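Quick notes on the structure that follows.
Just the heavy atoms: all of them, side chains too, but no hydrogens, waters or symmetry mates, feed the values below. Letters go in sequence order (proteins before strands), and every chain restarts at 1. Here the structure is a predicted model, which means the values were calculated and not measured.
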Number of protein chains: 2
Amino acid sequence: MPKKLNKDASTEEKIKQAAKRLFTQKGFAETKTREIAEESGINLALLNYYFRSKQGLYNIIMKENMASFKQGLAELFGDTQLDVYQKIEKLAHYYIDEFITNPDLPMFIVNTIYMAGNDSTILEEDETSASRKIFVNQIKELVAQRKIKPIHPAHILSNMMGLIIFPFVIGPLLKKRANINDKAFVEMMKERKKLIPVWIKSMLEN
Amino acid sequence: MPKKLNKDASTEEKIKQAAKRLFTQKGFAETKTREIAEESGINLALLNYYFRSKQGLYNIIMKENMASFKQGLAELFGDTQLDVYQKIEKLAHYYIDEFITNPDLPMFIVNTIYMAGNDSTILEEDETSASRKIFVNQIKELVAQRKIKPIHPAHILSNMMGLIIFPFVIGPLLKKRANINDKAFVEMMKERKKLIPVWIKSMLEN
DNA sequence: AATTAAGTTAAACAAATGATTAAAAAAAGT
DNA sequence: ACTTTTTTTAATCATTTGTTTAACTTAATT
């Protein structure tokens with residue numbers, strides 16, 4: 001009986017890499033199987049051979065992208081050693097670096113969240129839920145201690161995520177309209193790693 | 001020679017309404033012509049009769065959505081009577097109301113901007129460009145007067161847009177994870193009309 | 001070397017999809 | 001009433017697209 005071979009190597013991984021790029025960039029419907037095949041230099045049938053279907057491949061990519069997005073989130077939010085501001089700072093640093101490396105990821109995430117409005121199953125409870133509650137409780141405590149203004153934690157979540165993710169999503173607009181080139185854009189995003197925590201602090205404090 | 005008839009009425013408008021809903025909700029590739037036909041209760045061929053092609057119809061919808069987005073933007077930004085904070089306040093009020101009424105518009109806008117990264121032609125200079133410069137100059141002046149911290153105007157643009165638009169885009173996440181129902185969500189967005197200007201002010205001030 | 005399994009390929013299939021056609025129905029003009 | 005134009009319909013076309021098949025090649029196992 002032959003055993004599985006080529007576990008590390010090429011074909012399967014090549015397909016995934018091309019698919020990741022295309023799905024992340026253009027979404028599910030706009031990405032065609034033949035495009036993935038061509039992009040990865042493999043025969044069309046191999047997509048189905050390795051991944052059963054386009055949807056199956058997409059699910060894997062989505063899972064990986066989401067894992068990449070969630071990675072560290074649970075631990076960070078759940079860490080009882082760090083205060084709210086330290087968490088925000090770490091969050092901004094981690095994700096902005098992640099998004100600079102993988103610039104299509106923000107739009108993919110946004111699309112995935114948005115689609116969850118219709119195709120629900122994606123936003124199930126997961127390992128981040130419990131730790132997010134710890135973070136939310138830290139905020140509530142600050143409010144109770146009158147250290148920050150009374151505010152619904154969802155506002156803070158929205159603001160943090162918006163300030164971190166949104167500029168990447170409207171990158172093309174900034175680049176065209178504000179005459180920012182790619183390099184300057186990256187510099188600006190790096191600046192935001194420091195600015196966002198400060199901004200949020202100013203927003204919250206009494 | 002017969003003249004054009006039925007200018008106001010049904011068929012053409014019905015197609016546009018259904019198409020607007022679908023395109024705005026699901027984007028171009030995922031929206032099928034037969035779906036538009038069914039949704040609007042018309043014969044499939046009428047789509048091509050009135051709009052030549054799916055792409056033609058999409059372009060019209062996009063133009064309208066963008067017009068709806070840009071409407072007032074130019075006048076508001078260009079208004080020399082209003083100071084920066086007054087503009088931000090008006091902006092938040094106007095767009096949040098717009099997005100509450102038309103909840104799929106934010107995602108459509110974000111998608112359109114993002115796609116412009118590849119398919120450039122959409123983000124051409126338009127009537128908003130000149131007036132945006134007026135706004136940017138007002139910011140620069142505040143910086144020069146030491147009234148606000150030195151900051152690249154693109155940061156402020158990003159932050160304003162992010163704070164206004166982003167919560168709508170991640171609505172599904174907030175609803176599921178933060179146990180916010182549709183009504184509470186709308187209330188929260190209304191709250192933001194007042195909060196966003198205050199937040200931005202705190203962020204900017206020395 | 002012979003056998004078995006895994007990987008790859010070109011071709012084809014079936015369904016989906018955007019678009020067109022030709023004929024009919026409805027509306028407008030004369 | 002008759003003609004012309006506009007609108008609508010059902011059927012069909014031509015591609016595109018996801019998937020499958022069957023043959024072929026390569027690699028592993030005995």
Side-chain angles (χ1 to χ4, degrees), chain A residues 1-64 108 111-112 115 118-119 121, chain B residues 1-64 108 111 115 118-119:
Chain A
M1 218 182 294
K3 67 176 159 193
K4 281 180 195 166
L5 52 129
N6 230 4
K7 196 70 202 127
D8 59 327
S10 27
T11 308
E12 189 170 350
E13 200 52 38
K14 276 193 290 184
I15 296 172
K16 272 177 60 176
Q17 282 171 15
K20 181 162 187 167
R21 191 158 7 114
L22 292 168
F23 280 139
T24 306
Q25 216 166 74
K26 324 200 305 175
F28 181 77
E30 240 172 315
T31 300
K32 310 302 177 187
T33 55
R34 280 168 179 79
E35 209 177 346
I36 297 171
E38 193 184 8
E39 189 83 356
S40 52
I42 56 100
N43 185 287
L44 176 59
L46 291 176
L47 191 154
N48 298 80
Y49 178 75
Y50 283 103
F51 302 97
R52 255 187 77 81
S53 68
K54 180 190 176 187
Q55 184 67 53
L57 177 54
Y58 180 80
N59 291 344
I60 288 171
I61 302 302
M62 193 184 74
K63 214 169 167 183
E64 285 190 8
F108 184 90
N111 259 316
T112 304
M115 284 193 330
N118 310 316
D119 293 339
T121 50
Chain B
M1 217 184 296
K3 68 177 157 192
K4 280 182 196 166
L5 52 129
N6 232 4
K7 196 73 201 121
D8 59 328
S10 28
T11 307
E12 190 170 349
E13 199 52 38
K14 276 193 290 185
I15 296 173
K16 273 178 59 177
Q17 282 171 15
K20 181 162 187 169
R21 191 157 8 114
L22 291 168
F23 280 139
T24 307
Q25 217 166 74
K26 322 201 305 175
F28 182 77
E30 238 171 319
T31 301
K32 310 303 176 185
T33 55
R34 281 168 179 77
E35 211 178 344
I36 297 171
E38 193 182 9
E39 189 85 356
S40 52
I42 56 99
N43 186 288
L44 175 60
L46 291 175
L47 191 154
N48 297 81
Y49 177 74
Y50 283 105
F51 302 96
R52 253 186 79 84
S53 69
K54 181 189 176 187
Q55 185 67 54
L57 177 54
Y58 180 81
N59 291 343
I60 288 171
I61 301 302
M62 193 185 73
K63 215 169 167 183
E64 284 190 8
F108 184 91
N111 259 316
M115 285 192 332
N118 310 317
D119 292 337

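The closest donor-acceptor contact from the side chain of A:Thr31 to the backbone of A:Leu22 lies under 3.5 Å.
DNA chain C lies under 4.0 Å from at least one heavy atom of each of the following residues of residues 32-49 of chain A: A:Arg34, A:Asn43, A:Ala45, A:Leu46, A:Tyr49. For DNA chain D, the residues of residues 54-63 of chain A within the heavy-atom distance limit of 4.0 Å (strictly under) are A:Lys54, sorted by number.
Checking the phosphate oxygens (OP1, OP2) of C:dT8, a side-chain nitrogen or oxygen of A:Tyr50 falls inside 4.0 Å. Applying the 4.0 Å criterion to OP1 and OP2 of D:dT7, one finds that B:Thr11 has every side-chain N and O outside that range.
The environment of CD in A:Glu64 is crowded: more than 12 heavy-atom neighbours from other residues, nucleotides or ligands sit within 6.0 Å. Few gaps surround CD on A:Glu35; more than 12 heavy atoms of other groups in view lie less than 6.0 Å from it.
Across all their heavy atoms, A:Leu44 and A:Ala37 have their closest contact at CA-CB, 3.8 Å. For the residue pair B:Glu39 and B:Ala18, the shortest heavy atom distance occurs at CG-CB, 3.8 Å.
Residues A:Ile36 and A:Ile42 are not in side-chain contact: their nearest non-hydrogen atoms beyond the backbone lie 4.5 Å or more apart. At least one side-chain heavy atom of A:Leu57 sits less than 4.5 Å from a side-chain heavy atom of A:Lys16.
Ring geometry for A:Tyr58 against A:Phe108 counts as tilted: the plane angle lies between 30° and 60°, on a 0 to 90° scale.
Nucleotide C:dG18 holds its C1' atom 17 Å from the CD atom of B:Glu30, rounded to whole Å.
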